[in-house]
Number of protein chains: 2
Amino acid sequence: MLRLSKLTDYAVVVLVRLAGMEGVQTSPGIAAATGIPEPTVAKVLKTLAAGDLVSSQRGAKGGYRLNRDLAAIPVSDVIAAVDGPIALTACVDGSASECESQGLCPMRGRWDPVNDAIQSALSRITLADMQVALLPAFRTPVAQVPFQSAAE
Amino acid sequence: MLRLSKLTDYAVVVLVRLAGMEGVQTSPGIAAATGIPEPTVAKVLKTLAAGDLVSSQRGAKGGYRLNRDLAAIPVSDVIAAVDGPIALTACVDGSASECESQGLCPMRGRWDPVNDAIQSALSRITLADMQVALLPAFRTPVAQVPFQSAAE
DNA sequence: GTTATCCGGACTACCACAGTCCTGATTGTT
DNA sequence: AACAATCAGGACTGTGGTAGTCCGGATAAC
């Protein structure tokens with residue numbers, strides 16, 4: 001299923017929100033704006049800060065600020081920051097230390113072309129691309145909106 | 001991390017092995033040849049049979065046979081057969097039933113372009129491509145095993 | 001000094017996957 | 001006809017990672 005962590009999705013939402021405002025924004029503020037629970041938002045932001053996607057400012061009146069423009073952030077960067085390096089299988093690159101029986105370990109550099117293809121595909125899609133898909137559905141008041149099955 | 005299930009990797013190994021022989025092959029035989037535990041091989045083969053990638057023949061002298069050539073099997077098909085439909089997030093396609101608050105569900109059709117890009121990339125890589133990366137490493141130890149089923 | 005905020009962990013509950021096993025159904029062989 | 005070999009389709013359990021929360025400490029504005 002190629003599962004992608006929910007945190008990564010949250011990260012995209014948070015980053016887009018971060019891009020929409022001027023100054024720094026606080027975790028609680030973003031949480032309120034996005035509907036994502038505050039502790040989770042905080043966790044995501046900390047992760048993104050560690051990945052150099054956002055900058056943080058401590059203390060009162062502190063908050064987070066986007067480092068680059070949305071168009072300069074490929075999805076692969078977000079995934080790498082939140083979920084770690086993009087790799088389909090356990091032992092792909094450097095972690096080829098203990099692959100059971102070294103000789104016939106089924107996993108080899110075999111998935112490398114696949115990894116590369118995915119990495120390449122994800123590098124070409126930026127958050128700006130995802131933002132446009134987000135806009136029509138977003139911005140709608142949380143209230144009302146019985147069932148706006150927009151996507152698809 | 002875009003984790004891919006181990007079963008999918010096993011599936012590739014099994015399929016490549018299946019392509020290397022002429023007649024039908026049994027689960028125990030493939031298990032011995034690949035080093036993958038027998039029950040796991042059986043499970044993978046059953047899954048692959050359900051996905052129409054291999055055909056099965058019951059009874060004594062039964063076994064499995066590859067349906068298409070390796071070059072005609074894109075990786076995406078294997079992943080879809082083993083891990084289910086390729087989708088990065090939980091609610092992408094039909095499962096848009098209960099996305100928490102319907103109004104501001106962060107996940108939308110937003111990841112669709114990403115999904116499409118990955119799907120497209122995976123469709124262009126076939127098992128034949130992965131086989132070449134496998135060959136040099138394979139063929140080594142554990143050979144010797146005379147798993148030659150009785151008559152052949 | 002007080003307050004608001006980020007930092008960096010530790011921590012728990014849960015769910016999907018990995019792997020095994022069991023009971024049938026099918027088919028060739030004796 | 002009985003037997004043996006094989007696949008079919010489950011159920012089942014242990015483990016690992018993810019999701020989500022929370023706490024004490026550091027930093028900076030007022």
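Chain A is the first sequence line, chain B the second, and so forth, proteins listed ahead of strands; every chain is numbered from 1.
- Base pairing in DNA chain D gives the following stems of 3 or more Watson-Crick or G-U pairs, range against range and under 3.5 Å: C:1-30 with D:1-30.
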Solution key, residues 51-60 of chain B side-chain donor-acceptor pairs under 3.5 Å, sequence neighbours excluded:
{"from": "B:S55", "atom 1": "OG", "to": "B:N67", "atom 2": "OD1", "distance (Å)": "2.4"}
{"from": "B:S55", "atom 1": "OG", "to": "B:N67", "atom 2": "ND2", "distance (Å)": "3.4"}

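- Here C:dA4 presents its P atom at 20 Å from CG of A:L45, a figure rounded to the nearest Å.
- Taking every side-chain heavy atom of A:P37 into account, D:dT21 is the closest of D:dA19, D:dG10, D:dT21.
- The shortest distance between the side-chain N/O atoms of A:S27 and the OP1/OP2 oxygens of C:dT5 is not below 4.0 Å.
- Here the C1' atom of nucleotide C:dT20 and the NZ atom of B:K46 are 10 Å apart, to the nearest Å.
- The shortest distance between side-chain heavy atoms of B:L48 and B:L15 falls below 4.5 Å.
- Distance OH (B:Y64) to C1' (C:dT27): 14 Å, rounded to an integer number of Å.
- Going from atom CD of A:Q57 over to atom P of C:dA4 covers 17 Å, rounded to whole Å.
- The residue among B:T8 and A:Q25 whose nearest nucleotide of DNA chain C is located toward the 5' end is A:Q25.
- When side chains are defined from C-beta on, A:Y64 counts as touching A:S27, because their heavy atoms get closer than 4.5 Å.
- For the pair B:K43 and D:dA8, the criterion of a side-chain N or O lying under 4.0 Å from OP1 or OP2 is not met.
- Closest to the side chain of B:R58, out of D:dG20, C:dT27, C:dG9, is C:dT27.
- Comparing atom distances between the B:Y10 side chain and each of C:dG19, D:dC7, D:dT27 picks out C:dG19 as nearest.
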Could you list, one pair per line, each protein nitrogen or oxygen that sits under 3.5 Å from a nitrogen or oxygen of nucleotides 13-15 of chain C, together with the distance?
none

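- In the set D:dG20, D:dC7, C:dT29, D:dG20 carries the atom at the smallest distance from any side-chain atom of A:T40.
- Closest-nucleotide positions on DNA chain D for B:G59 and A:K61 were compared, and the one nearer the 5' end corresponds to B:G59.
- The line from CD of B:Q25 to CD1 of B:I30 is 5.0 Å long, rounded to the nearest 0.5 Å.
- Atom-to-atom, CD1 of A:I36 to P of D:dA19 comes out at 12 Å; the value is rounded to the nearest Å.
- For the pair A:L4 CG and C:dA16 C1', the computed distance is 15 Å after rounding to whole Å.
- Under the 4.5 Å side-chain criterion, counting only non-hydrogen atoms from C-beta, B:I73 is not in contact with B:D69.
- A straight line from CG of B:D9 to C1' of C:dC17 spans 15 Å, rounded to a whole angstrom.
- Residue B:A60 has its side chain nearest to C:dG28 when only D:dC7, C:dG28, D:dA19 are considered.
- Contact check for A:M130 versus A:V16: no side-chain heavy atoms found under the 4.5 Å cut-off.
- The separation between A:R65 atom CZ and C:dT5 atom C1' is 15 Å, rounded to whole Å.
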Audit row: B:S123, B:S120, side-chain hydrogen bond (donor to acceptor under 3.5 Å, both in side chains) steps and yes/no: CA-CA 5 Å; B:S123 300; B:S120 164; over 6 Å; no
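- Among the nucleotides C:dC17, D:dT18, D:dA8, the one closest to any side-chain atom of B:S5 is C:dC17.
- We find that B:R124 and B:D129 are not joined by a salt bridge, their nearest charged nitrogen and carboxylate oxygen being 4.0 Å or further apart.
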